[in-house]
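Every value quoted in this text rests on a predicted model; they were computed, and no experiment measured them.
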Amino acid sequence: QSYCIRLQHDMYFLTSNSRLNEQVVDKIILQLNRVYPQILTDAEAEKFRNPKASLHVRLTDLLKHLQKNGERHCQEFYRALQINAEHLYNDLPSRKILKTTDPTMIDTDKEKCMLNDRGPVFFLTCFSAAAGFALFWYCCDSGTDPELLGRARRILGFSPIIIGRHVRKICMLYLEDLSRN
């Protein structure tokens with residue numbers, strides 16, 4: 001999207017509910033006045049900083065003026081907004097649209113929830129099961145001792161809480177197959 005279209009979408013958000021205070025608007029105007037080449041002339045900057053007019057009117061006039069002057073002016077406004085009010089810049093509706101429509105971007109907030117969904121207990125359970133299977137495989141590989149297989153069968157018999165029933169059945173079938181050989 002062009003910056004002018006984005007500014008048109010964000011205009012209501014920026015001017016409503018006093019999201020921008022007097023100081024931030026003044027900082028943005030001063031930054032736009034000092035950018036090379038100047039986005040706002042000295043006379044325009046004074047006009048938009050006039051304390052006699054309400055902040056809402058000045059901000060609305062500023063945004064319309066920037067849209068009328070083109071893409072570069074709108075882009076510099078967004079840059080000034082990001083520098084002077086980053087929290088507000090990140091909450092802009094056009095920024096949220098850009099974040100959700102770009103398929104190559106990963107939404108880190110959603111990714112955090114997906115990765116941290118199960119927590120450390122799940123990790124420890126999976127790690128313990130893997131370590132147990134590795135130890136079991138090592139012990140069974142060293143020789144098919146019937147006593148060892150009997151102990152393993154007893155341990156697996158009490159393990160529906162630790163591992164799932166399906167996994168337990170597969171392990172029991174494997175142990176029975178080993179004891180037949």
*Under 3.5 Å, side chain of Asn33 to main-chain N/O of Ile29, donor-acceptor pair present?*
no

_Please say yes or no: joined through hydrophobic side-chain contacts below 4.5 Å, possibly via intermediate residues, are Leu30 and Leu32 part of one cluster?_
no

*Mind checking side-chain contact (heavy atoms from CB on, under 4.5 Å) for Leu88 and listing every partner two or more places apart, or none if nothing turns up?*
Phe13, Leu14, Arg19, Leu20, Leu81, Ala85

*Contacts of Glu71 that satisfy side-chain contact (heavy atoms from CB on, under 4.5 Å) - sequence neighbours left out*: Ser2, Tyr3, Cys4

[X] to [Y] - nearest heavy-atom pair and separation:
X: Tyr89; Y: Arg95; value: O-CG, 3.3 Å
X: Thr15; Y: Leu63; value: CG2-CD1, 4.1 Å
X: Leu55; Y: Asn21; value: CD2-C, 3.8 Å

*Roughly how far, to the nearest 0.5 Å, is the CD atom of Gln8 from the CE atom of Met11?*
7.0 Å

_Gap between atom NE2 of His73 and atom NZ of Lys68 - 0.5 Å precision_ = 10.0 Å

*Is there a side-chain contact between Leu62 and Leu40, using heavy atoms and a 4.5 Å cut-off?*
yes

*Non-hydrogen side-chain atoms of Ile39 and Arg72 separated by less than 4.5 Å*: yes

*Regarding Asp10 and Tyr78, is there a side-chain donor-to-acceptor distance under 3.5 Å anywhere?*
yes

*Any side chain to side chain donor-acceptor pair (under 3.5 Å) involving residues 49-67? Give me the pairs, sequence neighbours left out, ordered by first then second residue.*
Glu22-Arg58, Glu44-His65, His65-Asn69

